[in-house]
Asker: 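Here it is: the structure, laid out below.
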There are 2 protein chains.
Amino acid sequence: MDAVQDEAAGKRARGLDRAFEILDFLRQKRQALKPNEIAAQIGAPRSSVYELVNLLLSNGILEFTGGEGRVYLGRKLYFLGAAYENHFDFTRECETTLEHLADETRETAQFCMLDGNRYTVVRMREGARPFRISTDVGQSVPIPWTASGRLLVAHLSDQEILNFIPPQDFRLPGGEWLEPQTFIAEVRQAEREGLFTFNSIVDSFTHCFAVPVRGEEGHAAATLCLVTPRDDGIANRDRYLGCLKKAAARLEHAPARPKRS
Amino acid sequence: MDAVQDEAAGKRARGLDRAFEILDFLRQKRQALKPNEIAAQIGAPRSSVYELVNLLLSNGILEFTGGEGRVYLGRKLYFLGAAYENHFDFTRECETTLEHLADETRETAQFCMLDGNRYTVVRMREGARPFRISTDVGQSVPIPWTASGRLLVAHLSDQEILNFIPPQDFRLPGGEWLEPQTFIAEVRQAEREGLFTFNSIVDSFTHCFAVPVRGEEGHAAATLCLVTPRDDGIANRDRYLGCLKKAAARLEHAPARPKRS
DNA sequence: ATCATATGTACATTATATTGGACGTTGATG
DNA sequence: CATCAACGTCCAATATAATGTACATATGAT
């Protein structure tokens, strides 16, 4: 999400942006890497990356792990993330809601949010017959690839949507091009109906159901999803959507706590 | 913890350091603050703080919340923290261990680590008769104030300990001065015995027990603690220490997972 | 009305952070 | 042995980020 302004060639990058680019990259890779590898793969000057990595190491934002000078996200980030989680205390309710959903439907239930201008699965509960889910928890994925994506950008105007989503994200995993106007039409439809369902674009055997979890501003702060085998999904469509709606309503009425419990 | 090198007066602060100083400060405060307040309280130039806050906002590291332009830690930090937690997957084992400990002893059990050069409670499980615990989860506290602190720095040499702990942290909450040499003697004793217990320095009615959880390098990567009423603690000393040792051993044999489960 | 405080914005200055490139390893390969 | 690639360090040059200062607005007290 940071490499958006790659346009100007000769510009220097700001240290802070580079730093978070490194952190995001490590998160995507989900493994420790050498500074050299990081530099090569994000296309940043090696000297800059070494400098930043050392700074981040000395702050506990990064840690040596995996040997050979490899680094990964550090403990400090865990503490900061825990503070966020504690403040916007959605996880407890979220976990029980997903559990309930998965029990009711025997399908895989997910809680999803935007991660910058992409989509990510924040929590997941496997269903009764777990199958290989296409997107793992914590991976960020182009918004147009997902059912939830239609709901998560619905509060934006057409133009804002086009500005928000990186153009290359309309290229689907199979290589086909999703016309932005088609996507926007689906967004508007999802907005009207308060839900979106489709046969997954990412694989060829699942059906996805998504409903919004509305925040204080009234727009979708998150989504609840079910990922099902296609036959199952189509057969149980109405029941599954009912379960999702009910679960979303429960989450909405458990607002962010102001302070400690 | 970052304002250590306040020595040189006329020096400019590096953006990255200031940024993480802001993040750490918000974590300590555990509430949303206006940029102006942040600047005043951390003693940084207002223009710098506004600049950094805006940068961090646009990256999702900070978020507007609480109205009136107040900001707090953002969702991106949660994602990064979750990635850390997923990589060094200690939390699951940790949670069950604390639960077991609290059930066995009916006392408050804690899992503690270093946060930079201070101490913090990472996870806590209240005992049967919860009383007002002096340090909350996520707050960072001077190392010399805690029993665990004696264990967490035991792998350092005397000189390294003195360099590592901010000098002002030897000033105890009551105002008394803890002689660094006294502290170091206690560290060495804790190291020999593989445990440390004392009547809490922070309050006047609890007794603390701490044992190390050793990481791969052999030194205390974390501690397990019990916080008990003084009478109880002294009466059950041997049993409690036995429980702690057993729990620590269990945690040590559930090492950090390399990748996904 | 006057003053003081809290808050956010705008901009020029200059200290310095980012960067490209040189240099020195090491290890693998022909 | 010669060559190449991967890796880390060092350093000078300059683009720019951090800062001080001034400005604008709102609020409340006197």
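Letters A, B, ... mirror the listed sequences (proteins, then strands); counts begin at 1.
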Asker: Nearest whole Å is fine: how far is D:dC7 C1' from A:Phe64 CZ?
Answerer: 13 Å

Asker: Tell me, with the steps shown, if A:Asp115 and A:Arg118 meet salt bridge (Lys or Arg N to Asp or Glu O under 4.0 Å).
Answerer: CA-CA 5 Å; A:Asp115 167 28; A:Arg118 311 192 81 189; over 6 Å; no

Asker: Measure the distance from CG on B:Asp17 to P on C:dT18 and round it to the nearest whole Å.
Answerer: 10 Å

Asker: When the distance from OH of A:Tyr50 to P of D:dA6 is rounded to whole Å, what number comes out?
Answerer: 12 Å

Asker: Is there any salt bridge (Lys or Arg N to Asp or Glu O under 4.0 Å) pair reaching into residues 149-167 of chain B, and which pairs are they, with sequence neighbours excluded?
Answerer: B:Arg150-B:Glu186, B:Asp158-B:Arg188

Asker: Let me know the distance between CG of B:Asn54 and P of D:dA18, rounded to the nearest Å.
Answerer: 13 Å

Asker: Nearest whole angstrom, please: distance from the P of D:dT9 to the CG of A:Leu55.
Answerer: 14 Å

Asker: Does A:Arg14 have a side-chain nitrogen or oxygen under 4.0 Å from the phosphate oxygens OP1 or OP2 of D:dA17?
Answerer: yes

Asker: Which of residues 33-47 of chain B sit near DNA chain D, with a heavy atom under 4.0 Å from it?
Answerer: B:Pro45, B:Arg46, B:Ser47

Asker: Ignoring hydrogens, what is the shortest heavy-atom contact between A:Asp169 and A:Pro144? Give both atom names and the distance.
Answerer: O-CG, 3.5 Å

Asker: Give the rounded distance in Å between these two atoms: CZ of A:Arg12 and P of D:dA18.
Answerer: 13 Å

Asker: According to salt bridge (Lys or Arg N to Asp or Glu O under 4.0 Å), does anything in residues 34-49 of chain B pair up with another residue at least two apart or in another chain? List the pairs.
Answerer: B:Lys34-B:Glu68

Asker: Is the ring pair B:Tyr84/B:Phe90 parallel, tilted or perpendicular, if the boundaries are 30 and 60 degrees?
Answerer: perpendicular

Asker: So, does B:Arg18 get its side chain near the phosphate of D:dT19, meaning an N or O under 4.0 Å from OP1 or OP2?
Answerer: yes

Asker: To the nearest angstrom, how far is B:Glu51 atom CD from C:dC11 atom P?
Answerer: 13 Å

Asker: Starting at atom CD of A:Glu68, determine the distance to atom C1' of C:dG27, rounded to an integer number of angstrom.
Answerer: 12 Å

Asker: Donor-acceptor pair, distance only, cut-off 3.5 Å: does the side chain of B:Thr65 make one with the backbone of B:Val71?
Answerer: no

